[in-house]
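Comments concern the structure below.
Remember, predicted model here, so these are calculated numbers, not experimental data. Letters go in sequence order (proteins before strands), and every chain restarts at 1.
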Amino acid sequence: MSKEPYSVIHWFRRGLRLHDNAALLEALKPINDGDRFILRPVYIIDPWYKANVKCGQNRTRFLLQSLQDLDNSLRKLGSSLYVARGDPVEVFEKLFTKWEVKKITWEVNTEPYARERDRKVSSVAKMLKVKVTECDGHTLYNLDFLLSKNNGNVPLTQQKFTSLVTSIGHPAKPQKAPECLKKFAPSSEVEKELELPSHDEFYLDESASGKCLFPGGETEALKRLEEKICFENAKWVREFEKPLTSPNSLEPSTTVLSPYVTHGCLSSRTFYWKLFDVYEGAKHSKPPVSLKGQLFWREFFYTVGAHTENFDKMVGNKICRQIPWESNEEKLNAWKNSQTGFPFIDAVMTQLREEGWIHHLARHSVACFLTRGDFWQSWEKGKEVFEEYLLDHDWSLNAGNWMWMSASAFFHHYYRVYSPVAFGKKTDPTGAYIRKYLPQLEKFPNEFIYEPWKAPLSVQKDLGVIIGVDYPKPIVDHGTASKQNITKMKAAFAAASKAKAQNDADFSPPSKKKSKLLE
DNA sequence: CTAGATGTTGCAAGA
DNA sequence: CTCTTGCAACATCTA
């Protein structure tokens, strides 16, 4: 008998899907025509993530469900997912030899750790004569290509970015999932020693995770896409304007496709072209507020994130205004654990911790509150809390949006402060949302639901809920705190522009003034 | 050079 | 209920 043919690995990292997976399709192309080879779909549980990225129960469950779904889908096609543990460099060093690997493919990941990791794996592959093929697919466009089309400048406004992608034209159309993988299966017995991770291995405690409102996986992702972006829903899709959607409706007012796009269960290009189908020939809203605009926002933060050093930090980050934030554990914990005494803020943070998804404008409210609005805490601290709890946590989007909301970058109107009382009232005057997430306040009359500390003590006693005992008093007076913070912001902005002017003078080429003197 | 317009999504008060 | 305005007012681009 001839020996086993060589192997080709497709390494799943994000991109946990079979549809529109360019790198997976690339893995199915023979190195030489007529080659017979074995496809090895691999996922690696890399301890670096456990050590360096905060990941709460809900997102852990989402990832596990996504892996289970991926394995199911692969099995239906005659393949299966091989889950390995350890540092990818060490894992591949062993697997390349063991399986006689000649090629490995993966989807581009532009986050700092992933880049470094992929660089190391590439050099091991080169040493062991394994061909590496990296394919786009997580974003609509190749991010280096976008930068080159913008003359090497990082676009810093959405308007700039929109005109850039508009001048480029549509992104690539999505590719179909492979139909059958049987001919790539190992002829001998399938390797069984490494299986899908168990709940224990992922430190997943079902009792500690919340209701599963958004199950992970490509199957769910495509189902949700069909439900939301379809002709039956055409009016809603075409008229969608993000700022007009509600942050505190009891059912999400937006698509909640973000967790699926983040994990790559849903291809952003599949999303884009599905929107195109529903838009086609009809009047529809436009970026930045439209649904397509939401994909552009994602692409925008990815582009800036991929090309800005220390993008997720304040210090050493060129685009981030340096602001003397305070570090107060008590305030941070009150915010994180819904103990600020502002029901709207506390309700949003409860929804975040329990369910893992909150509306974009709810994120704005709590982010503004923690940073420039009320608590004057660093956006990096808030970013870590979102990192822990969000199902759709995404390195680029999280850092970018926190800088935005804290007026550290992109956004400069620091005097526009969200009110923790007034903002929610606009879309939910009776406080149904607060009652759902803070049941201890359920019986408060509408007039006090956003400001329970204003209810007369007699009312509090009748309800059996004493503010300051059963629910906290507000930690700060919003009026006073926000005014003080606006003043601090004014000073920080002035210092920053002074520093910028100094820097420009130091590093700019000879000024016109000097040139004139030379003439 | 200056002035004016614009930037995905503020609030409160008053017509 | 919708619209306008004052609040105190940034950075950036264009004319």
As its Watson-Crick or G-U partner within any shown strand, both distances under 3.5 Å, B/dA13 has C/dT4
With sugar-phosphate meaning primed atoms plus P, OP1 and OP2, does A/Arg321 contact a base, only sugar-phosphate, or nothing at under 4.0 Å between heavy atoms? sugar-phosphate
Separation of C/dA9 P from A/Arg416 CZ (nearest whole Å): 14 Å
Look at the side chain of A/His364 and decide which nucleotide, out of B/dT8, B/dT9, C/dC13, has an atom nearest to it. B/dT9
Rounded off to whole Å, could you give me the NZ-to-P distance for the A/Lys286 and B/dT9 pair? 19 Å
Working for ring-ring contact (aromatic ring centres under 6.0 Å, His included), residues A/His170 and A/Trp273: CA-CA 9 Å; A/His170 295 300; A/Trp273 283 100; 4.9 Å; yes
Can a side-chain donor-acceptor contact be found between A/Thr340 and A/Asp346 if the only test is distance below 3.5 angstrom? yes
What integer number of Å spans the C1' atoms of C/dT14 and B/dC1? 13 Å
Mutual orientation of the aromatic rings belonging to A/Phe311 and A/Trp395 [parallel < 30°, tilted 30-60°, perpendicular > 60°]: tilted
Side-chain contact, heavy-atom cut-off 4.5 Å: A/Trp335 with A/Ile475? no
Go through the steps to decide whether A/Lys461 and A/Ile466 satisfy the test side chain to side chain contact (heavy atoms under 4.5 Å, CB included), and finish with yes or no. CA-CA 6 Å; A/Lys461 278 182 179 160; A/Ile466 307 300; 3.9 Å; yes
Length of the line joining A/Arg372:CZ and C/dA9:C1', which is rounded to integer Å: 13 Å
Residue A/Phe411, side-chain heavy atoms: nucleotide from C/dC13, B/dT9, B/dC11 that is nearest: B/dT9
Among the nucleotides B/dA12, B/dT8, C/dC13, whichever has the atom closest to the side chain of A/Pro243 is B/dT8
If you look at every strand shown and take non-hydrogen atoms under 4.0 Å, does A/Thr157 touch a base, only sugar-phosphate, or nothing? nothing
Under-4.0 Å side-chain N/O to phosphate OP1/OP2 contact, A/Lys490 with C/dA8: no
Counting any heavy atom closer than 4.0 Å, what does A/Lys426 reach on the DNA or RNA strands: base, sugar-phosphate only, or nothing? sugar-phosphate
Out of B/dT8, C/dA11, B/dG10, which nucleotide sits closest to the side chain of A/Phe493? C/dA11
Whole angstroms only, please: what is the OH-C1' distance between A/Tyr450 and B/dA12? 17 Å
Measuring to OP1 and OP2 of B/dT8, would you say a side-chain N or O of A/Gln158 lies under 4.0 angstrom away? no
When rounded to the nearest Å, what value does the distance between P atoms of B/dA5 and C/dG6 take? 16 Å
From NZ of A/Lys160 over to P of B/dT6, roughly how many Å is that when rounded to an integer? 17 Å
If you measure from the C1' atom in B/dT8 to the same atom in C/dT5, how many Å do you get, rounded? 22 Å
Looking at A/His413 and B/dG10, is any side-chain donor or acceptor paired with a base atom of the opposite kind under 3.5 Å? no
Can you measure A/Phe296 atom CZ to B/dT8 atom P for me and round it to whole angstrom units? 14 Å
Could you give the OH-to-P distance, from A/Tyr414 to B/dC11, as a whole number of Å? 18 Å
Counting heavy atoms from C-beta on, name the nucleotide in B/dC11, B/dG7, B/dT9 closest to the side chain of A/His412. B/dG7
Side chain of A/Phe423 - closest among B/dT8, C/dA11, B/dG10: B/dG10
Classify the nucleic acid contact of A/Val417 as base, sugar-phosphate or nothing, counting any heavy atom under 4.0 Å across all strands shown. sugar-phosphate
What does B/dT8 pair with, Watson-Crick or G-U, if both distances are under 3.5 Å? none
Just how far, in rounded Å, is C1' of B/dT9 from CD of A/Gln294? 11 Å
Expressed in whole Å, how much space separates the C1' atoms belonging to C/dA9 and B/dT6? 14 Å
Answer with base, sugar-phosphate or nothing: what part of the nucleic acid does A/Tyr415 contact at a heavy-atom distance below 4.0 Å? base
Within the 4.5 Å heavy-atom criterion, are A/Gln351 and A/Trp357 side-chain neighbours or not? yes
With A/Phe410 as reference, evaluate A/Trp297, A/Phe161, A/Phe300, A/Trp402 under the ring pair (Phe, Tyr, Trp, His ring centres under 6.0 Å) test and give the passing residue. A/Phe300
